[in-house]
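Please read the structure below before turning to the comments.
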Protein chains: 2
Amino acid sequence: MHLPDKTIERLSQYRRNLLISLSKGKTHIFSHEIAELLHITPVQVRRDIMLIGYNGTLRKGYDVKALIDLIGNIIDTEEGQNVCVMGLGNLGKAIIKYLCGKRPKLKIVACFDTNKEKTGRLYADIPVFDAEELTEKVKTMNIAIGIITVPFERASETANRLVNAGITGILNFSSKPLNLPGHVYLEEYDMITSLEKVAYHTKEK
Amino acid sequence: MHLPDKTIERLSQYRRNLLISLSKGKTHIFSHEIAELLHITPVQVRRDIMLIGYNGTLRKGYDVKALIDLIGNIIDTEEGQNVCVMGLGNLGKAIIKYLCGKRPKLKIVACFDTNKEKTGRLYADIPVFDAEELTEKVKTMNIAIGIITVPFERASETANRLVNAGITGILNFSSKPLNLPGHVYLEEYDMITSLEKVAYHTKEK
DNA sequence: TTTATATTGTTATTTATTTAACAATTAATT
DNA sequence: AATTAATTGTTAAATAAATAACAATATAAA
Ligand SMILES: NC(=O)c1ccc[n+]([C@@H]2O[C@H](COP(=O)([O-])OP(=O)(O)OC[C@H]3O[C@@H](n4cnc5c(N)ncnc54)[C@H](O)[C@@H]3O)[C@@H](O)[C@H]2O)c1
Ligand SMILES: NC(=O)c1ccc[n+]([C@@H]2O[C@H](COP(=O)([O-])OP(=O)(O)OC[C@H]3O[C@@H](n4cnc5c(N)ncnc54)[C@H](O)[C@@H]3O)[C@@H](O)[C@H]2O)c1
């Protein structure tokens with residue numbers, strides 16, 4: 001089953017907001033209610049839900065719990081995937097603190113740095129290893145995903161290291177465009193570009 | 001002139017990479033060279049450049065300096081736009097340190113927090129004010145853009161505060177979907193969604 | 001000078017995504 | 001029991017974005 005990227009993004013957001021609804025005791029929800037939560041259209045919601053093959057109940061809406069579980073089945077693996085952070089700088093630290101415990105199926109289990117002063121200890125309960133140890137730790141700790149928060153100039157070598165170590169999913173914050181083999185999924189996030197986009201639109205208004 | 005959002009994003013990236021090329025002494029560049037830098041196709045580059053009305057020289061390529069300046073004219077205002085950060089937490093701090101001095105036309109000039117222990121001092125040379133002072137400071141410091149790095153539960157009220165203070169461009173990191181009046185441009189970045197996208201694709205491969 | 005090659009600018013085509021339309025039908029109401 | 005209103009699931013249409021195609025032509029090579 002092929003799902004559009006945009007649908008995946010929205011599924012992630014549906015789930016997060018559905019969990020909030022569930023915790024408030026809501027058992028069923030209509031497409032227009034989900035749409036309101038995310039400020040999109042009900043049609044879009046229904047279409048996304050159709051694409052993942054879920055069926056709501058006519059005039060009762062969608063079963064919140066069941067929908068959450070199904071989205072979980074699509075996004076996550078059963079056992080979950082382990083994540084590592086490359087570069088314990090300002091951003092790396094913020095991400096570790098933020099993500100810790102937030103997503104049980106996406107656990108940050110290790111961090112890697114080249115600065116000897118940072119390695120060999122814990123940061124927010126996460127072990128910080130020397131980047132040399134990457135390949136070994138990826139294997140022993142069963143790490144599937146890497147987050148790149150090293151400086152621009154170190155991003156390419158870090159990405160190659162991750163790929164060589166067997167990582168197949170990368171989230172890159174370094175703003176350095178990376179060219180990776182086809183079997184590795186790469187998601188780039190460029191904060192300067194986001195901010196410049198805001199600048200452009202703010203100017204235009 | 002209307003420019004697609006995706007084109008704006010790429011223009012931002014073209015400029016960043018062109019500045020590097022320029023600093024290496026390159027005066028002219030071909031569409032396929034720009035494409036290589038970003039790992040996209042030359043056609044895409046040419047089309048984007050066409051859309052902004054720039055003309056290269058046949059068989060000589062684009063004048064690097066002139067292209068940088070033109071992109072600057074599109075993205076930035078002449079005097080630049082001032083930016084504030086809402087919430088001096090882990091992420092807010094990282095962003096301030098990262099952005100300081102990086103983009104002369106997008107200066108972070110102030111930060112706002114509600115925690116009295118954080119306000120009334122400088123962080124990385126940026127003054128930290130009480131959030132109550134927002135409206136006043138937006139006026140006196142001529143702030144046009146706000147970056148939201150407050151907790152999820154505080155995001156909506158913070159956005160409203162920004163809008164009431166006269167801000168017309170917002171970059172939101174809180175993962176809380178915001179519903180703002182049409183005259184305000186909103187860019188949302190949701191890190192969990194990015195990571196879950198990686199998780200999905202990593203699982204699928 | 002002539003020819004060949006490389007490169008731009010732009011239109012046409014394809015692909016991806018969103019939005020609209022609406023039939024089917026269930027639950028609530030009369 | 002019949003009627004009404006609301007909501008889903010899905011196909012069709014519209015919009016947006018990326019890619020392909022190619023004519024025009026400047027430069028380099030013959
Ligand atoms: N700070 C932010 O808010 C922010 C925002 C957007 C993007 N970024 C990007 O994220 C990256 C990191 O930013 P930062 O502010 O945290 O920088 P930083 O300098 O604070 O941290 C970089 C860390 O990477 C480590 N490092 C260097 N080379 C390494 C290598 N080869 N392997 C492993 N670790 C290595 C350094 O020792 C340091 O701890 C940069 O590329 C930056 O462009 C940062
Ligand atoms: N840390 C990360 O890497 C990260 C990544 C992605 C998204 N986020 C999002 O960014 C936001 C901040 O994350 P964080 O880790 O920096 O959190 P944090 O708790 O470290 O910081 C939040 C800051 O906001 C301040 N604050 C609270 N209410 C406020 C208000 N009404 N006005 C102004 N300031 C206020 C707090 O005093 C605190 O300093 C959250 O919404 C989080 O979801 C964080």
Side-chain angles (χ1 to χ4, degrees), chain A residues 1-14 18 21 26-64 66-67 70-71 74 177 182 185-188 193 197 200-201 204, chain B residues 1-14 18 21 26-64 66-67 70-71 74 177 185 187-188 193 197 200-201 204:
Chain A
M1 170 181 52
H2 167 78
L3 293 174
D5 245 39
K6 291 294 171 73
T7 293
I8 297 294
E9 290 176 21
R10 283 188 297 266
L11 288 175
S12 161
Q13 286 158 14
Y14 296 159
L18 287 172
S21 298
K26 209 166 170 56
T27 61
H28 288 78
I29 194 164
F30 295 125
S31 62
H32 66 260
E33 291 177 301
I34 299 180
E36 247 164 63
L37 293 174
L38 275 81
H39 310 121
I40 59 176
T41 67
V43 183
Q44 182 112 80
V45 174
R46 291 207 300 280
R47 211 171 193 296
D48 286 335
I49 290 177
M50 181 194 81
L51 289 176
I52 64 176
Y54 182 73
N55 278 276
T57 313
L58 204 37
R59 306 245 6 197
K60 269 180 79 183
Y62 303 98
D63 182 304
V64 177
L67 190 48
L70 179 55
I71 295 175
I74 288 168
Y185 179 81
L186 172 65
E187 174 82 18
E188 312 241 18
T193 290
K197 217 167 138 191
Y200 167 79
H201 285 285
E204 291 297 297
Chain B
M1 169 183 52
H2 167 78
L3 293 174
D5 246 38
K6 292 295 172 74
T7 292
I8 297 294
E9 290 177 21
R10 283 188 296 266
L11 288 176
S12 160
Q13 285 157 14
Y14 296 160
L18 287 172
S21 298
K26 211 163 166 57
T27 60
H28 288 78
I29 195 165
F30 295 124
S31 62
H32 66 261
E33 291 177 300
I34 298 180
E36 248 164 64
L37 292 172
L38 274 83
H39 310 122
I40 58 175
T41 65
V43 183
Q44 182 112 81
V45 174
R46 292 207 299 278
R47 213 172 189 298
D48 287 334
I49 290 177
M50 181 193 82
L51 289 175
I52 63 175
Y54 181 73
N55 278 278
T57 313
L58 202 39
R59 305 240 11 189
K60 268 179 80 182
Y62 304 99
D63 183 305
V64 177
L67 190 48
L70 178 56
I71 295 175
I74 288 168
Y185 179 81
E187 174 82 17
E188 312 241 18
T193 291
K197 218 168 138 191
Y200 167 78
H201 285 285
E204 291 298 296

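Just so you know, these numbers come straight off a predicted model, no measurement behind them.
- The aromatic rings of A:His201 and B:Tyr185 lie parallel to each other, with less than 30° between the two planes, well short of the 60° mark.
- Between the CG atom of B:Leu11 and the P atom of D:dA17 there is a distance of 13 Å, given to the nearest Å.
- Comparing C:dG9, C:dC22, C:dT19 by their closest approach to the side chain of B:Tyr62 singles out C:dG9.
- Nearest to the side chain of A:Arg47, among D:dT8, D:dT11, D:dT19, sits D:dT11.
- Residue contacts for A:Ser31: at a heavy-atom cut-off of 4.0 Å it reaches the sugar-phosphate backbone alone, with no base atom in range.
- Rounding to whole angstrom units, CG of residue B:Asp5 and C1' of D:dA16 are separated by 11 Å.
- A side chain to side chain contact (heavy atoms under 4.5 Å, CB included) with B:Tyr54 is found for exactly one of B:Asp48, B:Asp63, B:Ile71, namely B:Asp63.
- Using a 4.5 Å heavy-atom cutoff, the side chains of B:Val45 and B:Ile40 are in contact.
- In terms of the ring-ring contact (aromatic ring centres under 6.0 Å, His included) criterion, residue partners of A:His32 (sequence neighbours excluded) are, by chain and number, A:Phe30.
- Look at CD1 on B:Ile29: it is 10 Å from P on C:dT8, rounded to the nearest Å.
- Shown here for B:Pro4 and B:Leu51, the closest heavy-atom pair between the two residues is CD-CD1, 4.0 Å.
- The phosphate of C:dT8 has neither OP1 nor OP2 within less than 4.0 Å of any side-chain N or O from B:Asn55.
- Atoms NZ (A:Lys6) and C1' (D:dA16) sit 10 Å apart, rounded to a whole Å.
- Atom pair A:Ile40:CD1 and C:dT19:C1' shows a separation of 12 Å (rounding to whole Å applied).
- Put simply, CG on A:Leu11 and CG on A:Leu67 are 8.0 Å apart, with the number rounded to the nearest 0.5 Å.
- For B:Leu51 and C:dT8, the CG to P distance is 16 Å, given to the nearest whole Å.
- We find the NZ-OG1 distance between B:Lys60 and B:Thr27 to be 7.5 Å, quoted to the nearest 0.5 Å.
- Distance B:Leu67 CG to C:dT8 P: 11 Å, rounded to the nearest Å.
- Checking A:Gly56 against B:Lys60, the closest nucleotide of DNA chain D that is more toward the 5' end is the one next to A:Gly56.
- As rounded to whole Å, 18 Å separates atom P of C:dT14 from atom CD of B:Gln44.
- Between A:Arg46 and B:Val43, the one whose closest nucleotide on DNA chain C sits nearer the 5' end is B:Val43.
- The side chain of B:Leu58 lies closest to D:dA24, out of D:dA17, D:dT19, D:dA24.
- Among the nucleotides C:dT7, D:dA21, D:dT11, the one closest to any side-chain atom of B:Arg59 is C:dT7.
- With axes fitted over five pairs at each extremity, the angle between the ends of the helix from C:dT1-D:dA30 to C:dT30-D:dA1 is 0° (10° resolution).
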